[in-house]
Amino acid sequence: MNARSISEIYLDDIESRGYTVIHNAINKPLLARLMLDCYRINPDFSLAGIGRKNELQIDKTIRNDKTFWFDGTSDAQLEYQALMEQIRITLNRTFFLGLFDYECHYAKYQRGDFYKKHYDAFKGRSNRVFTTVLYLNTPPSGGELIIYKPKSKEVEISISPQAGTLLMFESECFMHEVLPAVDERYSIAGWFRKNTSISGIIDPPR
Ligand code: OGA
Ligand code: MN
């Protein structure tokens, strides 16, 4: 599916409920190349931090997956970023959001790895507006993503990772968690960001 046909589906969902789940959003050859990219950089995955890239804290009781921030060293990364760029432009055009950047990392969950309930953004404290997650493989079991209803402990949706499924949700609205992985699970988590300037200091893109 190309970015144009993706957008026709997701915009209504985002407008009405703040999230969307798009199956087969990414073509199989690109998925395969992203997976190969993960194998290539496998030794460089490192324990994930909590918070923005440059203010990371490592707390293994909250999450213990391993991540690798995109560094633009493969065509697959560049192609994925180009797709996200098209989505960024579409989101801005539709919702007048002023999203200026997209940051993303690969994430690897091995047996037992989890990410407890969290928000990706806190009102006024982050410039993350939309979270994206793309699943790169289809683990036979485990590693479900549970998304909670806004301001509630009730489950909105439970998603079993499937290669090619892309989801997007409003970062400030949805608490979510990744249940312990059973089989190895690869994904790309990313964030569309808006510029938040505090006291005249422009938030840098990285
Ligand atoms: C994250 C996250 C969800 C997933 O990385 O912040 O919530 O399903 N990921 O991998
Ligand atoms: Mn998250």
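We count ligands from 1, going down the list as the structure has it; atoms in each ligand are counted the same way. When reading the values below, keep in mind they use all heavy atoms of this one structure, side chains included, and skip hydrogens, waters and symmetry mates.
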**Message:** Does the plane of the ring in H105 sit parallel, tilted or perpendicular to the ring in W69? Use 30° and 60° as the thresholds.
**Reply:** perpendicular
**Prompt:** How are the rings of F70 and Y106 set relative to one another: parallel (under 30°), tilted (30 to 60°) or perpendicular (over 60°)?
**Reply:** tilted
**Message:** For H176 together with F169, are the ring centres under 6.0 Å from each other?
**Reply:** yes
**Prompt:** What do the steps show when you test D120 against S171 for side chain to side chain donor-acceptor pair (under 3.5 Å), and what is the final call?
**Reply:** CA-CA 5 Å; D120 287 350; S171 306; 5.1 Å; no
**Fill in**
Residues at least two apart in sequence or cross-chain that pass side-chain hydrogen bond (donor to acceptor under 3.5 Å, both in side chains) with K66, listed by chain then number, are none
**Message:** Using a cut-off of 2.8 Å, how many protein N, O or S atoms sit around the Mn ion (ligand 2)?
**Reply:** 3
**Message:** Using the ring centroid of each side chain, check whether Y186 and Y109 are separated by less than 6.0 Å.
**Reply:** no
**Asked** Looking at residues at least two apart in the chain, or sitting in another chain, which of them share a side-chain contact (heavy atoms from CB on, under 4.5 Å) with T73?
**Response** R40, D71, Q77
**Message:** Using a strict threshold of under 4.0 Å (side-chain N to carboxylate O), is an ion pair present between D37 and R33?
**Reply:** no
**Request:** Answer yes when R111 and E184 have at least one side-chain N-carboxylate O distance shorter than 4.0 Å, and no when they do not.
**Result:** no
Ligand 1: which protein N/O atoms lie under 3.5 Å from its N/O atoms?
{"residue": "ligand 1", "atom": "6 (O)", "partner": "H118", "partner atom": "NE2", "Å": "3.3"}
{"residue": "ligand 1", "atom": "6 (O)", "partner": "D120", "partner atom": "OD1", "Å": "3.3"}
{"residue": "ligand 1", "atom": "7 (O)", "partner": "H118", "partner atom": "NE2", "Å": "3.2"}
{"residue": "ligand 1", "atom": "7 (O)", "partner": "H176", "partner atom": "NE2", "Å": "2.9"}
{"residue": "ligand 1", "atom": "8 (O)", "partner": "Y135", "partner atom": "OH", "Å": "2.6"}
{"residue": "ligand 1", "atom": "8 (O)", "partner": "R185", "partner atom": "NH2", "Å": "2.8"}
{"residue": "ligand 1", "atom": "10 (O)", "partner": "R185", "partner atom": "NH1", "Å": "2.9"}

